[in-house]
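Written out below as structure tokens is the structure these notes cover.
Please read all numbers here as calculations on a predicted model, not as lab measurements. Chain identifiers are assigned alphabetically (A, B, ...) following the order of the sequence lines, protein sequences preceding nucleic acid strands; residue numbering begins at 1 within each chain.
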Protein chains: 2
Amino acid sequence: MARKTGADGRVTAEAILRESLSLFAQYGFATVSMRQIADKVGVQPGAIYQHHRNKQQLLVAVLDTHMDGLLKASAENQQGDCTSVQALERFARFHIQYHITRPDEVFVSYMELRSLEEEGYALIEGKRRKYERILKSILERGVSDGTFQLDDPHVSAMAILSMLTGVNTWYRSGGRLSQQKIEDIYTSMVLGAVGHRLPDTHS
Amino acid sequence: MARKTGADGRVTAEAILRESLSLFAQYGFATVSMRQIADKVGVQPGAIYQHHRNKQQLLVAVLDTHMDGLLKASAENQQGDCTSVQALERFARFHIQYHITRPDEVFVSYMELRSLEEEGYALIEGKRRKYERILKSILERGVSDGTFQLDDPHVSAMAILSMLTGVNTWYRSGGRLSQQKIEDIYTSMVLGAVGHRLPDTHS
DNA sequence: GTCTATATGAAGATAGAC
DNA sequence: GTCTATCTTCATATAGAC
């Protein structure tokens with residue numbers, strides 16, 4: 001009794017991903033129970049197992065959805081010809097924008113890598129590497145055409161990604177600075193870090 | 001029977017902190033059980049409650065020990081007169097060294113902030129802020145004496161800290177690059193990011 | 001300071017009805 | 001696709017002996 005009739009499987013599936021993400025972000029994967037997720041979605045715990053084999057696979061689905069979105073959006077962002085500097089600036093602004101507008105996804109993606117078992121870890125880590133390679137390629141191009149001055153594109157790429165992603169540790173919307181201003185500051189710092197300087201950064 | 005006699009409380013206390021840190025780093029606070037910790041230490045679960053009121057207070061103790069060590073070491077590092085550039089370079093090298101040699105402490109300190117309840121969070125966050133202020137002060141000094149070019153010392157400080165701390169996400173000892181080389185790369189990037197350039201960075 | 005024993009609760013996952 | 005009911009396991013924490 002009290003069983004839902006006419007429920008839409010797709011709607012439930014999306015709700016499970018959405019609420020899992022939100023709960024994982026707030027409390028951490030390990031502390032969130034299937035019951036909590038089911039409550040938020042408005043179904044019984046057992047219903048989740050219709051969509052995911054177990055809790056681990058649910059986490060993999062959440063992270064995989066995020067990584068696919070990130071890779072797709074970043075591919076669209078890098079279309080068209082441009083100089084190395086333009087490519088780097090475009091990458092930096094894209095990364096900040098994408099991350100700043102999806103705090104939960106980003107937070108969970110970074111925090112819960114450790115909660116992944118071998119198979120899921122390999123999948124997600126592979127996609128992370130793919131994303132890192134986009135930046136690394138931009139840096140390598142800038143080094144070979146003499147635009148950037150840096151010793152090691154791989155290390156610089158990792159350093160830049162840490163810096164950019166770190167914006168999520170302190171940024172809260174509605175704060176002192178506009179999103180545009182934050183983008184400007186970070187972009188300028190990134191260009192400086194690779195040995196290039198924006199003409200009129202400092203007003 | 002089989003009860004330990006002549007056990008040293010101080011030794012046990014230290015072992016609890018050490019093994020907790022190690023387990024929290026490996027599996028995450030939420031997944032580690034008091035039993036696991038007790039097993040590693042070589043005592044019974046109940047014995048841990050002689051030293052910590054509950055699991056939450058144990059985490060606070062672990063993080064607090066780390067923060068105190070960091071603040072003490074960084075205070076010692078910043079002694080003596082120096083220019084803004086020297087201070088920034090010294091800070092960057094210190095931060096990298098300290099973090100690279102304590103991967104577990106750093107990892108847990110960043111990952112488990114979320115696991116802290118209100119009171120413990122306030123304590124640890126206060127000490128984090130204190131550490132951040134050291135860098136922010138260096139940047140402010142560099143701006144006012146014209147050495148650095150940046151719009152917002154607070155944001156720049158956060159960005160630099162993210163970048164420097166991020167070294168722990170990829171660095172593994174015995175890798176391709178020496179610790180010294182990594183310090184050099186990061187220091188050079190930090191100086192570039194604040195609008196200053198090292199004379200002979202690029203060899 | 002450490003032990004054994006245990007109270008109490010909640011977790012992940014499954015079975016089978018509707 | 002969702003429900004109820006339940007199996008099994010393991011968690012934190014406490015009590016009281018030595």
Quiz item: Do A:Arg129 and A:Glu125 sit within salt-bridge range, that is, some charged N less than 4.0 Å from a carboxylate O?
Solution: yes
Exercise. Taking only the side-chain nitrogens and oxygens of A:Gln44, find out if one of them lies under 4.0 Å from OP1 or OP2 of D:dT2.
Key: no
Quiz item: Do you see a donor-acceptor pair shorter than 3.5 Å between the side chains of A:Ser22 and A:Asp104?
Solution: no
Practice problem: Please report the C-alpha distance between A:Gln97 and A:Gln179 in whole Å, then the side-chain angles of each, then the deciding distance to 0.1 Å, and finally whether the side-chain hydrogen bond (donor to acceptor under 3.5 Å, both in side chains) criterion is met. | Solution: CA-CA 8 Å; A:Gln97 276 168 22; A:Gln179 197 176 308; 5.8 Å; no
Quiz item: Using a distance-only test with no angle check, is there a side-chain donor-acceptor pair under 3.5 angstrom linking B:Thr147 and B:His196?
Solution: no
Quiz prompt | Distance in angstrom units between B:Asp39 CG and C:dC3 P, rounded | solution = 11 Å
Quiz item: In B/S/- notation, 5' to 3', how is nucleotides 10-16 of chain C contacted by protein heavy atoms closer than 4.0 Å?
Solution: -SBBB--
Exercise. Might you work through the side-chain contact (heavy atoms from CB on, under 4.5 Å) test for A:Tyr131 and A:Leu161, ending with a clear yes or no?
Key: CA-CA 10 Å; A:Tyr131 184 68; A:Leu161 281 172; 4.0 Å; yes
Exercise. Give the rounded distance in Å between these two atoms: NE2 of A:His51 and P of D:dC3.
Key: 11 Å
